[in-house]
Protein chains: 2
Amino acid sequence: MGRRAADIVREGLEQLILTGELADGAHLDEVRLATRFDVSRTPLREALQALSASGLVELIPNRGAFVRNPGIQEMVEMFEVMAELEGMCGRLAARRVSETALAEIDGAAARCEDALAQGDSDEYYRRNERFHQLLYAASGNGFLAKEALRLQKRLQPYRRMQLRVRGRMPQSMAEHREILDAIRAGDATRAERALRAHVAVQGEKFNDLLASLGPVA
Amino acid sequence: MGRRAADIVREGLEQLILTGELADGAHLDEVRLATRFDVSRTPLREALQALSASGLVELIPNRGAFVRNPGIQEMVEMFEVMAELEGMCGRLAARRVSETALAEIDGAAARCEDALAQGDSDEYYRRNERFHQLLYAASGNGFLAKEALRLQKRLQPYRRMQLRVRGRMPQSMAEHREILDAIRAGDATRAERALRAHVAVQGEKFNDLLASLGPVA
DNA sequence: CGACATCAAATTGTATACAAATTTATTGAC
DNA sequence: GTCAATAAATTTGTATACAATTTGATGTCG
């Protein structure tokens with residue numbers, strides 16, 4: 001995958017930000033971080049620019065890079081947008097999905113069930129992710145698929161927490177079945193509504209989640 | 001705005017790609033472009049990374065940058081997504097817009113009318129852009145607003161052509177009034193539908209437009 | 001003749017050196 | 001003591017030099 005120094009640094013910085021070791025608003029000193037990751041400033045700057053594009057860092061000309069860790073407010077906003085995009089994917093997929101793609105999605109859902117049966121939440125998370133990605137592709141809109149994928153990646157760390165909530169995993173699975181049913185039936189409206197709700201619930205319940213976990217890790 | 005060499009180069013490359021001087025799929029040689037823009041490879045690479053983030057070039061590790069100019073297919077897909085996002089903005093704005101923001105939007109629409117009355121399509125384009133941006137902000141979802149703005153910028157060159165189509169400008173203005181009415185009335189459904197249609201028509205009519213203009217400039 | 005290994009040229013990735021800008025410290029006046 | 005102006009120091013932006021990877025050619029063997 002990413003054997004370039006810049007990519008390794010990017011992933012490392014991502015971790016440092018998401019774990020809170022680099023607090024929101026913190027100034028990112030290039031030389032300090034470069035020595036920390038044992039690389040020169042060149043790949044480090046490249047990593048900062050990539051993070052700026054993905055929104056985790058704000059880049060101010062001639063002043064440097066600052067951590068921009070979304071608060072609850074922005075996180076809810078992102079889930080709201082994600083719900084809309086995924087709903088759109090469902091709507092389009094219900095109309096356009098091919099027989100073979102539907103079979104693939106069905107298979108992905110089945111693999112989610114397996115993970116659920118085994119109570120393996122990490123594995124469920126990965127297969128759930130795959131399930132959604134297949135839906136993006138099934139929309140038949142390549143640009144939409146890419147945008148949805150981008151947002152999914154961006155929300156990844158927060159989404160992951162969700163499954164730890166009591167009873168969320170079985171509920172998620174039930175929603176998957178409903179989504180799959182709607183698409184198989186070609187019911188665009190139902191598919192859109194089901195997917196939108198499936199995603200939106202994560203944003204809406206986020207406050208509860210945070211309260212039950214204490215301060216963000 | 002962008003006094004940094006990297007920004008200047010980015011804008012320059014953007015132009016070269018959109019005008020077709022750098023054809024789709026073309027390999028972008030770093031040293032050649034650097035000498036052309038009379039800068040070193042460092043800011044040039046920075047520009048390439050920025051363009052990669054915005055989607056105009058594809059960056060393949062250890063192989064270089066390649067022009068990725070969207071064909072009609074992808075352009076229609078982008079308009080489809082834009083229509084969804086703007087529709088969402090309208091839906092939310094109808095519910096959440098403040099009195100002062102509504103007044104601002106009203107003012108922007110009025111300035112569009114002025115430009116229309118004077119038949120100044122360039123000015124209309126700019127004021128129309130502003131009108132839409134105010135709608136994004138009025139959604140009350142800052143993340144959505146940023147995403148919509150990003151896509152708007154990305155579609156800018158293609159959108160600009162639209163207004164040259166016969167009769168498009170007055171029709172656009174009429175749609176603005178309908179949108180504004182719906183939001184003022186707090187009718188979320190109508191606002192969403194109006195905005196979605198307003199944007200979607202541009203994507204749908206794109207084939208006609210291209211046919212009437214000949215090959216992409 | 002074609003497949004494959006090997007080496008040279010070209011191109012990308014990274015490190016370091018230098019220039020420009022910003023921030024901080026210092027000095028002097030009021 | 002506060003503020004303004006200025007100079008030193010820190011930090012970002014750019015240029016150049018070097019390393020590593022890829023590409024294409026050449027030659028050898030089957």
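In what follows, chains are A, B, ... by sequence order, proteins preceding strands, each numbered from 1.
- Residue His27(A) places none of its side-chain N or O atoms closer than 4.0 Å to OP1 or OP2 of dT10(D).
- Nearest to the side-chain atoms of Asn62(B) among the listed nucleotides dT22(D), dA21(C), dT14(C) stands dT22(D).
- Checking dT22(D), dT14(C), dT14(D) against the side-chain heavy atoms of Glu46(B) singles out dT14(D) as nearest.
- One can place CG of Leu59(A) at 10 Å from P of dT12(D), the figure rounded to the nearest angstrom.
- Per the geometry, CZ belonging to Arg45(B) stands 6 Å off C1' belonging to dT12(C), to the nearest Å.
- One interatomic measurement links the two molecules: CG of Leu33(B) to P of dA10(C), which rounds to 18 Å at whole-angstrom precision.
- The distance from atom CD1 of Ile8(B) to atom C1' of dT14(D) is 13 Å, rounded to the nearest whole Å.
- In this structure, Val31(B) reaches neither bases nor backbone, as no heavy-atom distance under 4.0 Å exists between it and the strands shown.
- Side-chain atoms of Asn69(A) come within 3.5 Å of backbone N or O of Ile17(A) as a donor-acceptor pair.
- Side chains of Gln73(A) and Glu77(A): a donor-acceptor N/O pair is present below 3.5 angstrom, by distance only.
- Listed nucleotides: dA15(D), dA15(C), dG13(C). Nearest to the side chain of Val39(B): dA15(D).
- Across all strands shown, Leu28(B) has heavy atoms under 4.0 Å from sugar-phosphate atoms exclusively, and none from any base.
- Phe37(B) has its CZ atom 13 Å from the P atom of dA15(D), to the nearest Å.
- If you check every strand for non-hydrogen atoms under 4.0 Å, Leu44(B) touches nothing.
- Rounded to a whole Å, the CZ atom of Arg3(A) is 14 Å from the C1' atom of dA20(D).
- The CD atom of Glu30(B) sits 11 Å away from the P atom of dT14(C) (whole-angstrom rounding).
- To the nearest 0.5 angstrom, Leu44(B) atom CG is 11.5 Å from Arg36(B) atom CZ.
- Contact check, Arg63(B) against dT22(D): no side-chain N or O comes under 4.0 Å of OP1 or OP2.
- Side-chain atoms of Asp29(A) lie closest to dT12(D) of the nucleotides dT23(C), dT14(C), dT12(D).
- Nearest approach of Gln202(A) to His198(A), heavy atoms of both residues: NE2-O, 3.5 Å.
- A close approach under 4.0 Å does occur between a side-chain nitrogen or oxygen of Ser40(A) and OP1 or OP2 of dA15(C).
- With rounding to whole Å, Arg4(A) atom CZ is found 13 Å from dA20(D) atom C1'.
- In this model, the phosphate group of dT14(D) is not approached by any side-chain N or O of Arg41(B) to a distance below 4.0 Å at OP1 or OP2.
- With a 4.5 Å cut-off on side-chain heavy atoms, Arg154(B) and Met82(B) do not count as touching.
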